There are 4 protein chains.
Amino acid sequence: MTTSRKAALPSERRAHLIQLAGDLFAEKGYRATTVREIADAAGILSGSLYHHFDSKESIGDEILSAFLDDVLTGYRAAVADTDDARAAIERIVRSSAETLHRHRAALAMLENDWSYFSGQPRFAYLRKAMKEIEKTWVQQLERGKETGQFRADLDARLTYRLLRDILWIPTFWRQGRGTGWSSGQIADGLLRLLFDGITTRP
Amino acid sequence: MTTSRKAALPSERRAHLIQLAGDLFAEKGYRATTVREIADAAGILSGSLYHHFDSKESIGDEILSAFLDDVLTGYRAAVADTDDARAAIERIVRSSAETLHRHRAALAMLENDWSYFSGQPRFAYLRKAMKEIEKTWVQQLERGKETGQFRADLDARLTYRLLRDILWIPTFWRQGRGTGWSSGQIADGLLRLLFDGITTRP
Amino acid sequence: MTTSRKAALPSERRAHLIQLAGDLFAEKGYRATTVREIADAAGILSGSLYHHFDSKESIGDEILSAFLDDVLTGYRAAVADTDDARAAIERIVRSSAETLHRHRAALAMLENDWSYFSGQPRFAYLRKAMKEIEKTWVQQLERGKETGQFRADLDARLTYRLLRDILWIPTFWRQGRGTGWSSGQIADGLLRLLFDGITTRP
Amino acid sequence: MTTSRKAALPSERRAHLIQLAGDLFAEKGYRATTVREIADAAGILSGSLYHHFDSKESIGDEILSAFLDDVLTGYRAAVADTDDARAAIERIVRSSAETLHRHRAALAMLENDWSYFSGQPRFAYLRKAMKEIEKTWVQQLERGKETGQFRADLDARLTYRLLRDILWIPTFWRQGRGTGWSSGQIADGLLRLLFDGITTRP
DNA sequence: GATGAATGAGCCTTCATTCAT
DNA sequence: GATGAATGAAGGCTCATTCAT
């Protein structure tokens, strides 16, 4: 009777279903996960999922947008009220590591199915968010170059690419879950690498 | 009795088809690419592909194994006859950067469809190759720690993960092709980051 | 965890579909019948069959195993509590004639597609059942020879072959359905032939 | 240049190909055998077969018509110049057994693919030949009844059915080749069964 | 909210056949 | 006579989605 747009009231059931779907997406990717598998995990029939969601895509949408909201919120906080670029970068890194480990599904989806999502108008916000993320990193790196904290010959955009991927990806690629490193460890490892390199200081 | 096994004699046509398929795989992933699309790209009917290949999988197989052969050959050469761990790492990085840019399709397939391939017996060699790759990196990193070239508190396996992903992935993820960096530039950027960090030396 | 295995709960629809499929199998053979034809007969799309069955094979499986269960049950009952080999053979013949006419589809499948089924692990029970069937016949024939009811020079296995084929096959080969003999008539004709031959007694 | 109809000059090559095709048909049935398999057996490519035959069907045609010619020739000879129905039946049986074992392929084709062939105009001669075969048997059986050699209550057509199937089929059904009985043994077994039954004469 | 049945489009693959070289 | 490449129709199957009950 009332209009579709089932996204409105979350309800616990709904949240649970998203959770289940997300687990599957994280494991096998979005495209590779069938609606039937999600329904199976919930103990219902696949058709019944459509009482909760318009489509499979809308599940993906929800997971993805929740993730990006979190990331952006974290990044904005990380760079607010700071003049110290090095400190900002450190906070970005730690914020990333923390946020990411709560959004394994989204990460897996971006990794595996980026080309699928990024092609659709509905997911235009993905590109937009990625741009803000890039801008955040690059601004801090540039600022650090200006203040002399970072090497003057640093290619800020290239460095951003290297660092973002290093942070975003390794948690998931290969052997599914737990190769043992916590998000904190990865952040530490990366920061150490970042600021000191791997060689011993002379 | 007769030679069958279509994989044997390459033929130009065949190589061309693999090239076309690879381009599509690189763009959209292996699973997301249909046999029809490959055939369309070649200007033939989908069934006609089976004159050249046993299956879609065997196209994937060919692309993937060619890639891993190349990588491993490069890695083996990189660590042969060297006592200097830092030099070895540098050679591994440069070898990677060079090899990888010739195998965009394989990389995209590993990224997007790893879980699909790694589950199949036919692709068991993937896991094996990845293990040798990991071993190669880790051995050099450990050796560098022993000789004092690298920090003693370096987590070799974590570092390997970070570095491999940084090297293997950024070329493809996001905005499709060329945002401008050559494989050489990426190698340089990474090595600089690796050995010096991003901060200015005090 | 959930019940899956579609074979479990029969449901009327399902049974009806098996019936329709069986009719087609009986007419044209299993391999020669397409999934599309079965669906057409049911007035649905071919893909919709997969709501009820895992695969075409599983339809075949169901038909075949139901048949063999029936046959074996009949045979076991036929030889239970009997010392009289001739009576046992008679009961086997009548049991066959009765059972078989309820399983035209299975018979046609065994006849036409034996090599296809018997090669697959899934249908290993076919060979097993055929062995028990052979053993049942041969044991009674041998026993009859010992008691002097049957000719001492009778080749039990050869006789079994001749008799089983005579019983199992003629109902279907050639001109499709009903050339008029009931299963009872065939049994009578065969038993008469069997015990008396076709010649007049001197 | 000259008109198609490749059937004209047999040539050895051609005969050899028919032989190979027949072997495969006997093993797996006509429909289940692919043109590629035939070509493989001959060590050529499937397309090359079409230099020798118009179509797969025409290979089948050749095998089938050669078989029926042989059978009918044998039957006609068996009943020529005889008043003795019992002797005629015996000669029919022996002729069958002999002929059939030279035409395993044709038999397998009739068994497995009867419905396929008998539906096509091109193979109309199949039904015609089967009718003459039936007539031959039935006539002799009826004559034996009249002369008092055979039981008066014998159903000639039913008996024909039973006997023809017993003779034609058991050689092939199941376990492919050799379960050990020669065509002579089968003929003897059948004749003994036929004239004496399986019971000991009182 | 859920079930059960179905849709329809698309997927990978097979195969008899054709034809230029 | 044969090859190598392709056709075109069909086959079994998958999957997101719809909808009456």
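Chain naming here is simple, since letters A, B, ... match the order of the sequence lines and numbering starts at 1 in each. Bear in mind that the values here come from a model prediction, so they are computed numbers and not experimental data.
With contacts defined as side-chain heavy-atom distances shorter than 4.5 Å, the pair B:D23/B:Q19 qualifies.
Between A:Y30 atom OH and A:I63 atom CD1 the span is 9.0 Å, to the nearest 0.5 Å. Atom-to-atom distance recorded for A:T33:OG1 and A:E27:CD is 8.0 Å, nearest 0.5 angstrom.
A:A129 and A:L68 get closest at one heavy-atom pair: CB-CD1, 3.8 Å.
Taking a pair to require two hydrogen-bonding distances under 3.5 Å in either a Watson-Crick or a G-U wobble arrangement, F:dT7 pairs with E:dA16. Look at F:dT21: its Watson-Crick or wobble partner, with both distances under 3.5 angstrom, is E:dA2.
B:R36 has its CZ atom 13 Å from the C1' atom of E:dT14, to the nearest Å. When rounded to the nearest whole Å, the span between CD of C:E57 and P of F:dT14 equals 12 Å. As rounded to whole Å, 15 Å separates atom P of F:dT18 from atom NZ of A:K56. Whole-Å rounding puts the A:I38 CD1 to F:dT14 P distance at 18 Å. F:dA10 atom C1' lies 13 Å from atom CG of B:L45, rounded to whole Å. Regarding B:R31, its CZ atom lies at a distance of 15 Å from the C1' atom of E:dC12, rounded to whole Å. Rounding to whole angstrom units, CG of residue A:D54 and C1' of F:dT17 are separated by 12 Å. Atom-to-atom, OH of C:Y50 to C1' of F:dA16 comes out at 18 Å; the value is rounded to the nearest Å.
Comparing D:A32 and C:L49 against DNA chain E, the residue whose closest nucleotide sits nearer the 5' end is C:L49. Place D:S55 and B:S46 on DNA chain E by their nearest nucleotides, and B:S46 ends up nearer the 5' end. Where C:G47 and D:G47 meet DNA chain F, the nucleotide closest to each residue was compared, and D:G47 sits on the side nearer the 5' end.
Closest contact between the side chain of C:H51 and the listed nucleotides F:dA5, E:dA5, F:dG11 involves E:dA5.
Between C:Y116 and D:N112, the side chains place no donor N or O within less than 3.5 Å of an acceptor N or O (distance only, hydrogens not considered).
Proximity of B:R13 to the phosphate of F:dA6: a side-chain N or O atom is located under 4.0 Å from OP1 or OP2. Contact check, C:H52 against E:dG4: no side-chain N or O comes under 4.0 Å of OP1 or OP2. Within the structure, a side-chain polar atom (N or O) of D:S48 is placed less than 4.0 Å from OP1 or OP2 of F:dT3.
Using a 4.0 Å heavy-atom criterion, one finds that A:S58 contacts no nucleic acid atom at all. Contacts of A:I44 with the nucleic acid, taken as non-hydrogen atoms under 4.0 Å apart, involve only primed sugar atoms and P, OP1 or OP2.
With both ends at atom P, the span from E:dG1 to F:dT21 equals 22 Å, rounded to whole Å.
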